[in-house]
Q: 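Input: one structure, supplied below.
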Amino acid sequence: MKIVSIVGARPQFVKCAPVSREVRKVHEEVLVHTGQHYDYLLSEVFFRDLGIPAPDYHLEIGSGSHGVQTGRMLAAIEEVIAKEEPEIVLVYGDTNSTLAGALAAAKMHVPVAHVEAGLRSFDRRMPEEVNRVLTDHCSDLLFCPTGTAVANLAAEGVTAGVHLTGDVMVDALRENLPLAKERSTALADLGLSPKAYFLATVHRASNTDDPAALRAIMEAFSRLDIPVIFPVHPRTQKKLAGYGITPAANVRVVEPLPYFDMLTLLSGARAVLTDSGGVQKEAYILEVPCVTLRENTEWVETLEDGWNVLVGADADRIVAEADAAGGARRGHSARFGDGHAAARIAAIITEYEP
Ligand code: UD1
């Protein structure tokens with residue numbers, strides 16, 4: 001079978017690495033990089049570290065408003081599909097690259113397979129939520145990481161082609177954590193001792209595009225009494241400069257981290273403060289407390305047992321929950337699967353008959 005896989009943004013590179021490897025054991029995969037993320041540290045370094053094959057097509061779409069970015073991708077992906085004539089188009093997660101890939105394929109009557117289907121934050125103001133809903137509703141194969149995702153789809157009347165596979169990020173994490181421990185020198189490079197620092201990431205539009213929210217988050221970081229390691233996303237970097245916000249002395253702003261350094265710093269952190277979806281989940285799997293800088297989450301399982309807490313962009317709540325992060329949790333379980341999601345996905349694709 002010929003499969004066209006579409007990736008474009010950092011979290012998708014992590015997700016596609018294990019799936020691509022399994023799929024290529026049996027099928028021909030044509031890998032398309034939309035170019036949504038183009039900076040070396042957001043893109044190339046992930047291909048290198050995760051051993052992802054070089055893309056067959058690099059569409060070089062780059063940044064733009066949602067309409068411009070998604071529209072350009074749609075036109076360019078359509079051309080690739082017309083040329084390659086795949087039997088399946090595989091998309092990942094919830095970015096504009098996901099939606100563009102799914103929409104281009106569906107309009108050309110090519111079956112769409114969606115990895116990380118069924119996630120819902122129930123907040124339609126998030127661009128990712130719109131991407132999730134629309135992608136799921138034009139997908140033929142829906143690979144759900146959790147039972148919650150299966151139930152979310154059923155509530156929208158989507159039951160055909162739905163499979164509970166577990167989460168491919170568990171596959172990626174299990175495989176790469178030992179490598180990260182072996183290869184990453186991030187803790188020593190930054191002079192950090194385990195559990196004596198917080199790790200923070202902020203890039204969600206609701207936080208970066210609202211000066212009051214970003215200011216409150218940075219103020220909260222400044223009130224924490226241990227270092228806050230803050231690998232800053234280019235979007236956030238630009239906004240901080242634009243709003244004239246200077247991080248306090250205990251906030252150590254560093255470049256976006258390669259995957260191995262991220263896993264190392266995350267697993268050693270006292271807690272992570274983040275608005276990322278993937279990081280909330282990685283924190284849960286690594287048993288690191290998470291303080292989520294949002295009012296909702298699509299990863300509701302992380303809230304159970306007290307591993308994650310939603311605090312929005314409220315400085316007092318952020319500080320209180322970060323300070324409480326050493327507290328006892330109520331247990332931990334394999335809520336995101338057994339680390340064999342990619343093999344299951346490849347097997348389902350192999351058996352698929354449109
Ligand atoms: C995108 C995804 C988000 C995901 C995130 C991971 C959408 C709607 N959002 O958000 O779900 O969690 O990726 O990082 O698809 N930029 C650079 N260099 C780059 C890429 C982007 O400087 O390599 C800048 C752009 O100029 C732009 C901003 O970052 O100003 C936003 O980039 P964009 O890809 O649109 O969205 P993300 O915020 O990265």
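Note that the structure is predicted; figures quoted are calculated from it, not measured. Numbering of residues begins at 1 and proceeds along the displayed sequence. We count ligands from 1, going down the list as the structure has it; atoms in each ligand are counted the same way.
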Q: Salt bridge between Arg132 and Glu298, side-chain N to carboxylate O under 4.0 Å?
A: yes
Q: Under 3.5 Å, is there a donor-acceptor pair linking the side chains of His332 and Asp305?
A: no
Q: Between Gly64, Pro11, Ala9, which one has a non-hydrogen atom sitting closest to atom 6 (C) of ligand 1?
A: Pro11
Q: For atom 18 (N) of ligand 1, what's the nearest protein heavy atom and its distance?
A: Asp39 OD2, 2.9 Å
Q: Note the single closest protein heavy atom to atom 8 (C) of ligand 1, along with its residue, its atom name and the distance in Å.
A: Asn96 OD1, 3.4 Å
Q: Give yes or no for whether the N/O distance cutoff of 3.5 Å, strictly under, is met between Ser63 and ligand 1.
A: yes
Q: Which heavy-atom pair separates Val112 from Ala102 by the least distance, and what is that distance?
A: CG2-O, 3.6 Å
Q: Quick one: look up the protein heavy atom nearest atom 3 (C) of ligand 1 and list residue, atom name and how far away it is.
A: Glu128 OE2, 3.3 Å
Q: For His163 and Thr165, indicate whether the former's side chain and the latter's backbone hold a donor-acceptor pair under 3.5 Å.
A: no
Q: Should the proximity of Leu42 to ligand 1, defined as any heavy atom under 4.0 Å, be assigned to the side chain, the backbone, both, or neither?
A: side chain
Q: Please check if the side chain of Glu129 supplies one atom and the backbone of Ser121 the other of a donor-acceptor pair under 3.5 Å.
A: yes
Q: Tell me the protein heavy atom at minimum distance from atom 5 (C) of ligand 1, and give that distance in Å.
A: His203 NE2, 3.6 Å
Q: Check this for me, if you would: do Arg223 and Glu219 make a salt bridge, where the nitrogen-to-carboxylate-oxygen distance has to be below 4.0 angstrom?
A: yes
Q: Polar-atom distance check: Asn131 versus ligand 1, any N or O pair below 3.5 Å?
A: no
Q: Tell me the protein heavy atom at minimum distance from atom 30 (O) of ligand 1, and give that distance in Å.
A: Lys238 NZ, 3.5 Å
Q: Ring centroids only, cut at 6.0 angstrom: are Tyr284 and Trp299 within range, meaning strictly under it?
A: no
Q: Any non-hydrogen protein atom below 4.0 Å of atom 15 (O) of ligand 1?
A: yes
Q: If we only consider heavy atoms of Gln69, is any one of them less than 4.0 Å away from an atom in ligand 1?
A: yes
Q: Hey, are Lys107 and Glu78 close enough for a salt bridge, meaning a charged N less than 4.0 Å from a carboxylate O?
A: no
Q: For atom 17 (C) of ligand 1, what is the nearest protein heavy atom, given as residue, atom name and distance?
A: Tyr38 OH, 3.2 Å
